[in-house]
Visitor: 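This is the structure, below, for whatever I ask next.
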There are 2 protein chains.
Amino acid sequence: MNHRHRAIQLAHGSGGRLSHQLVDEVFRARFDNELLRQGDDSAEFRIQNSEYRMAFTTDCYTVKPLFFAGGDIGRLAVCGTVNDLAMKGARPLHLSAGFIIEEGFALADLERIADSMAAAARESEVAIVTGDTKVVERGACDGLFVCTAGVGLVPAGAAVSGANARPGDIVLVSGPVGDHSLAVMNARHGFGLSGGLASDVAPLAGLVQAMLGAGGVRVLRDPTRGGLATTLGEIAGQSGASIEIDEAAVPVRPQVRGACELLGLDPLYCANEGKLVAVADPGAAGALLDAMRSHPSGREAAVIGRVGAGAGVVLRTALGARRPLLMLEGEALPRIC
Amino acid sequence: MNHRHRAIQLAHGSGGRLSHQLVDEVFRARFDNELLRQGDDSAEFRIQNSEYRMAFTTDCYTVKPLFFAGGDIGRLAVCGTVNDLAMKGARPLHLSAGFIIEEGFALADLERIADSMAAAARESEVAIVTGDTKVVERGACDGLFVCTAGVGLVPAGAAVSGANARPGDIVLVSGPVGDHSLAVMNARHGFGLSGGLASDVAPLAGLVQAMLGAGGVRVLRDPTRGGLATTLGEIAGQSGASIEIDEAAVPVRPQVRGACELLGLDPLYCANEGKLVAVADPGAAGALLDAMRSHPSGREAAVIGRVGAGAGVVLRTALGARRPLLMLEGEALPRIC
């Protein structure tokens with residue numbers, strides 16, 4: 001990393017370009033191994049030489065505030081890890097949960113968050129089977145951080161990876177984008193934006209199993225930090241392909257669009273916690289959209305673009321112009337998850 | 001929890017009695033499931049109905065300072081999770097690593113910690129296969145926290161659990177206790193204690209495989225937060241048995257004993273990060289001690305006591321008196337791991 005970055009900046013945690021640079025240059029370079037090189041939301045490995053393939057993932061949650069419309073840090077920590085497993089096509093089995101708690105934190109809030117985690121785990125059909133609790137002195141952390149990890153079983157035949165997109169494939173999103181970021185910002189800054197801004201935080205494992213049943217799925221990824229635009233950039237990069245997105249086809253709720261205009265944000269770069277992007281065989285489009293729209297988490301699913309040769313992501317605007325959709329630069333929205 | 005504890009105290013993270021109460025009343029009560037009820041350092045589960053048994057565990061590290069004689073937060077985070085897997089008899093396979101970093105943290109320190117993690121992973125024969133990086137604003141965390149999780153494979157025939165101690169069994173420790181706590185305290189407070197105080201942080205998976213080869217192992221646990229005394233209390237509680245320890249038989253390095261006397265600490269309550277406690281069939285004592293002492297991590301292994309009927313842990317002092325060895329009360333040493 002260059003000399004401008006000899007200290008960690010908020011942008012290193014944005015999920016965008018600087019995050020990728022930090023991870024590549026500091027962590028991947030040192031921990032290098034075949035599984036890490038997969039570069040997906042979960043690492044996939046086979047148990048010895050058996051038929052069993054496991055997915056394994058982790059995420060740390062530092063969202064601020066801890067409670068927001070539509071969810072809280074607990075629901076986020078369970079759903080986020082469940083979704084990272086699901087993005088490999090895996091059926092999530094078990095989660096771990098680590099808590100870093102500031103001295104003086106209200107026990108009632110911890111109980112409320114644990115209730116929320118238990119409910120999200122039931123909804124996701126996973127069990128929280130192991131954990132750890134650390135307490136740090138006042139001022140050493142901001143209330144509560146939660147780190148979850150998860151293991152899942154990849155069904156026979158599933159072959160889902162960010163590297164599998166091919167020219168001609170279609171790109172789908174499971175529903176409207178941007179809800180999570182706007183709900184958290186509204187709660188954090190007290191904008192008082194009304195009109196039903198709420199996080200979409202939800203487990204996606206059920207939707208994914210329905211999609212795998214329909215067939216044709218090559219790539220799954222949940223567009224969290226960095227939003228849809230950054231996620232598409234990752235897929236294009238991993239697959240060595242280009243992606244063209246039709247702006248008019250990307251679903252955005254009117255209240256999210258309105259809030260984004262007010263705040264000068266682009267919904268394509270806003271985080272989601274209950275949505276997925278899929279790349280699929282165009283021949284499977286009908287069956288796949290039917291399967292998605294039949295599931296409560298995919299009712300507003302839409303085809304939003306196509307994979308091509310070349311590299312990079314391009315947005316075709318409503319007026320017909322084409323502009324490159326780069327990965328997120330800068331810090332955007334720190335502590336959004 | 002009673003009204004005195006409506007807010008989290010440092011003692012809730014000590015690993016002692018209040019930690020157990022917090023975990024039982026807030027987390028276990030809500031997340032309740034069969035695997036969580038095992039109450040061991042790792043959860044063990046079978047892959048579908050196959051022969052494969054996996055161990056799964058997590059730990060969060062908030063040690064202060066980040067660097068100390070004998071190790072750093074990175075080595076601790078790798079070895080701690082490797083050891084929790086080993087305490088189920090598992091062969092560790094893969095780790096995840098989550099980083100919560102404060103804005104402004106020196107990149108050079110992060111690189112040094114990543115180097116240390118990579119070296120500890122090689123030493124432990126595990127790969128770090130997945131991870132997450134979050135950055136929080138200045139003042140929102142104290143430099144760096146690291147959360148690791150791990151998966152391992154339990155060899156056929158291994159049946160190790162804190163619940164397996166039986167009256168008549170022997171209790172062993174793999175080497176001198178207290179080194180880690182004293183090294184961290186010395187680094188934190190600048191006591192300037194010389195005489196080679198250094199953390200024992202090390203992976204124990206190799207030692208465990210050698211012990212399982214010798215046979216007779218019923219319980220394995222690493223005496224981290226809360227120290228040997230608290231760990232013995234956990235084993236006695238889980239097994240529904242009593243344990244009697246011979247104080248003179250417990251190895252303590254002279255420099256640790258000296259520093260403890262100076263600081264008013266009891267080495268039996270000081271944390272270790274490269275030691276294990278074992279409970280074993282008395283018939284296997286000779287072979288087991290031979291196997292331990294032949295391994296670099298167990299050269300100073302010793303039999304320190306015996307399991308009996310009844311409940312609780314008793315210390316037989318050098319003068320022949322018997323006093324109850326209760327679990328750690330109060331906060332002891334916050335941020336020791």
Side-chain angles (χ1 to χ4, degrees), chain A residues 1 5-10 12-13 19 22-23 26-27 30-31 33 35-36 42-43 45 47 50 52 56-60 62 94 96 98 100-101 103-108 110-111 114-115 117-118 121 127-137 140-142 145 147 149 151 153 334-335, chain B residues 1 5-10 12-13 19 22-23 26-27 30-31 33 35-36 42-43 45 47 50 52 56-60 62 94 96 98 100-101 103-108 110-111 114-115 117-118 121 127-137 140-142 145 147 149 151 153 334-335:
Chain A
M1 309 230 273
H5 300 142
R6 294 313 298 175
I8 295 296
Q9 307 170 18
L10 283 176
H12 284 119
S19 293
L22 178 74
V23 168
V26 177
F27 299 125
R30 287 170 174 81
F31 302 161
N33 58 71
L35 295 184
L36 195 59
S42 294
F45 61 94
I47 302 291
S50 76
Y52 300 105
F56 179 37
T57 192
T58 194
D59 262 320
C60 293
T62 63
H94 300 308
S96 67
I100 299 173
I101 315 174
E103 180 189 10
F105 191 76
L107 189 61
L110 192 63
E111 289 170 333
D115 279 332
M117 293 179 77
I128 300 169
V129 299
T130 189
D132 186 39
T133 306
K134 292 281 156 53
V135 179
V136 297
E137 67 277 20
C141 87
D142 190 3
F145 300 142
C147 295
V151 290
L153 200 57
R335 300 185 62 187
Chain B
M1 310 231 269
H5 300 140
R6 294 313 298 176
I8 296 296
Q9 306 170 18
L10 284 175
H12 283 119
S19 293
L22 178 74
V23 168
V26 177
F27 299 126
R30 287 170 174 81
F31 303 160
N33 58 72
L35 296 183
L36 195 59
S42 293
F45 62 94
I47 302 291
S50 77
Y52 299 105
F56 179 37
T57 192
T58 194
D59 261 321
C60 293
T62 63
H94 300 308
S96 67
I100 299 173
I101 316 174
E103 180 189 11
F105 191 75
L107 189 61
L110 192 64
E111 289 170 334
D115 279 332
M117 293 180 77
I128 299 170
V129 298
T130 189
D132 185 38
T133 306
K134 292 281 155 58
V135 180
V136 297
E137 66 276 22
C141 88
D142 191 3
F145 300 143
C147 295
V151 290
L153 200 56
R335 301 186 60 187

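Chain identifiers are assigned alphabetically (A, B, ...) following the order of the sequence lines, protein sequences preceding nucleic acid strands; residue numbering begins at 1 within each chain. Here the structure is a predicted model, which is why all the values come from computation and not from measurement.
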Visitor: Most heavy-atom pairs under 4.5 angstrom with chain A, which of B:Ile47, B:Val23, B:Leu153?
Guide: B:Ile47
Visitor: So which residue, A:Ala43, A:Ala114, A:Gly13, ends up with the most heavy-atom pairs under 4.5 Å with chain B?
Guide: A:Ala114
Visitor: Counting heavy-atom pairs closer than 4.5 Å to chain B, which one of A:Ser19, A:Ala121, A:Ala127, A:Ser42 comes out on top?
Guide: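 Top count of heavy-atom pairs under 4.5 Å with chain B: A:Ala127.
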Visitor: Of all of B:Ile128, B:Asp142, B:Thr133, which one pairs up most often with chain A through heavy atoms under 4.5 Å apart?
Guide: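 Maximum pair count with chain A is reached by B:Ile128.
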Visitor: Given that the side chain runs from C-beta out, which part of A:Phe105 has a heavy atom under 4.5 Å from chain B: side chain, backbone, both or neither?
Guide: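 Both backbone and side chain.
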Visitor: With a 4.5 angstrom heavy-atom cut-off, which part of B:Phe31 approaches chain A: side chain, backbone, both or neither?
Guide: both
Visitor: Rounded to the nearest 0.5 Å, what separates atom CG in A:Leu110 from atom NE2 in B:His12?
Guide: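 With rounding to 0.5 Å, CG (A:Leu110) is 9.5 Å from NE2 (B:His12).
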Visitor: Scan B:Ile100, B:Thr58, B:Asp59 and name whichever one has a side chain to side chain contact (heavy atoms under 4.5 Å, CB included) with A:Cys147.
Guide: B:Ile100
Visitor: Under 4.5 Å, counting heavy-atom pairs only, tell me which of A:Ala149, A:Cys141, A:Ala106, A:Ala140 racks up the most with chain B.
Guide: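 If we count pairs closer than 4.5 Å to chain B, A:Ala140 comes out on top.
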Visitor: Can you tell which part of A:Tyr52 gets under 4.5 Å to a heavy atom of chain B, answering side chain, backbone, both or neither?
Guide: side chain
Visitor: For the interface with chain A, which of B:Val129, B:Asp115, B:Leu36 has the highest count of heavy-atom pairs at distances below 4.5 Å?
Guide: B:Val129
Visitor: With side chain to side chain contact (heavy atoms under 4.5 Å, CB included) as the criterion, how do B:Val135 and A:Thr62 come out once you've worked through the C-alpha distance, each side chain's angles and the decisive distance to 0.1 Å?
Guide: CA-CA 9 Å; B:Val135 180; A:Thr62 63; over 6 Å; no
Visitor: If you count heavy-atom pairs within less than 4.5 Å of chain B, which of A:Gly98, A:Ser96, A:Ala108 leads?
Guide: A:Ser96
Visitor: B:Phe56 versus chain A, heavy atoms under 4.5 Å apart: side chain, backbone, both or neither?
Guide: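 Looking at B:Phe56, backbone and side chain both touch chain A.
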Visitor: Are B:Thr57 and A:Asp132 close enough that some pair of their side-chain heavy atoms sits under 4.5 Å apart?
Guide: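 Contact flag for B:Thr57/A:Asp132 side chains = no.
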Visitor: For the candidates B:Met117, B:Lys134, B:Glu137, which exhibits the highest count of non-hydrogen atom pairs separated by less than 4.5 Å from chain A?
Guide: B:Lys134
Visitor: Is the shortest heavy-atom distance from the side chain of A:His94 to the side chain of B:Leu35 under 4.5 Å?
Guide: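 Yes, at least one pair of side-chain atoms sits under 4.5 Å.
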